[in-house]
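Worksheet: one structure, shown below.
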Amino acid sequence: METPSVDADPNARRVAATAADDADPLASFRERFDVPGTYMDGNSLGALSTDAEASLDRAVEQWREHAVEGWTDADPDWFHYGERLGEKLAPLVGARDREVAVCGSTTANIHTLIATFYDAANDGSAANAANPGTVLVNDLDFPTDHYAIRAQLRQRGLDPDAHLTVVESDDGRTITPDAVERALRENDVDVLFLPSVFYRSGQLLDIERLTDLAHEHGAYAGFDLAHSAGVVPHSLHDRGVDFAVWCHYKYLNAGPGAIAGLFCHESNADLHPALAGWWGHEKETQFEMRHEFTPAAGAGRFQIGTIPILAAAPLDGALDVTLEAGIDRIREKSVALTDYLVDLVGTLPDSFAVGSPRAASRRGGHVAIEHPEAYRLTEALKARDVVVDFRPPNVIRVAPAPLYTGFEDVLDVIETLRGVYETRAHEEFEARSGGVT
Ligand SMILES: *Cc1c(COP(=O)(O)O)cnc(C)c1O
């Protein structure tokens, strides 16, 4: 897909953006979404599609019609709902059918998988190991990942500060494979756990290289795909990734607080889940109600309690949209949109900078625009129906979600930003306070 040229003349610029939209093979997908304003926050909460709404409505209707019998008689039945969605998701992350489960939240899935793999690296129990190693993370992580890992270390009677290896960023935006390699060499790491894409800078890490490095140093390799699932293709099985987690409410558009996803490589399929629950029991005998836990074959064993059908149902329809568009075409458009955005930031005054990697191969689905007034500029954009978000200390995050945004939308973001800055309209807004952005 062609990235529109950024002409010095504003009219020519607009013509090029419109032409790129006209040539976009995914343009018609936008009609299936309700998109409020110029929406560039799909990496925080994706938009609603008619497909997701229909599959949610269907679950509600089936509840009305079948009540408890819906577990077996609904179409599709609720008892195997999670397994079915896992199979549907598998191609998006490059997994085999039984390597993916939908369950819980990203944070809960980090708890169970970190604990499972950390114990596995320590002969089944890090609490009893003479000398347990560390979990490798980095100082740019999304905070919940650290909260969960620290809590699991504490549960094993370990000091989290002594059992985390924190890779430090040199520039506050990115980390290098060399820094990870050094950390692996200098520490006894049991589990490497890194994001695929950084939530702030948008750096896309090299999962293949990092997985190989972890394995060379005797560590398991796990990844948080929250900012790449649905916008960047993955080959988790073939790359030998041990485990992964992600959410479905960002680029996968399954709605606020939608059920999350996880991957466990089939070579680790015999591990005992750290946070076991009856929904992870072997399906065939689950209702025999034995007190002895027999884990399901595959990733389904990491489910804990009853699948929240109403938080899972929108994912069914949302996945149809993504699968129909095709993850490779989605990535191709995403690269063109973010390349265009990076080019356009170059036309803004010098106080604006791109805080994301320039090379598309190292960038996920969004671009970080850095500016000392980022917070107030974000507020001014939102007041003009341009929905972006602020991440401290100085980042305006702009995520052109490929299924429902186009090149002209990207141009609108930058032209609105230019107008706000030139007229100093952002100065009407108060300096930063709390809240969800
Ligand atoms: C969005 C996000 C989460 C969200 O976790 P929840 O349990 O869904 O609240 C976790 N990790 C990363 C890296 C994220 O970007």
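As the structure lists them, so they are numbered: ligands from 1, and atoms in each ligand from 1. Note: hydrogens, waters and symmetry copies are ignored here, and every other heavy atom, side chains too, is used.
Evaluation of the side chain to side chain donor-acceptor pair (under 3.5 Å) test over residues 46-57, restricted to residues two or more places apart or in two chains, returns Arg32-Asp51.
Protein residues are said to neighbour a ligand when one of their heavy atoms lies under 4.0 Å from it; for ligand 1 these are Ser105, Thr106, Thr107, Phe142, Thr144, Asp145, Asp224, Ala226, His227, Tyr249, Lys250.
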Under 3.5 Å, which donor-acceptor pairs do the side chains of residues 293-300 form with other protein atoms, sequence neighbours left out?
none

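Ring geometry, Tyr421 versus His426: the interplanar angle falls under 30°, so the pair is classed parallel (tilted spans 30 to 60°). Relative orientation of the His227 and Tyr199 rings is tilted, given thresholds of 30° and 60° on the angle between their planes.
The two residues Pro314 and Ala254 make their nearest non-hydrogen contact at CB-O, 3.3 Å.
Under the side chain to side chain contact (heavy atoms under 4.5 Å, CB included) criterion, Pro400 pairs with Met40, Leu337, Thr338, Leu341, Thr405, Val410, not counting sequence neighbours.
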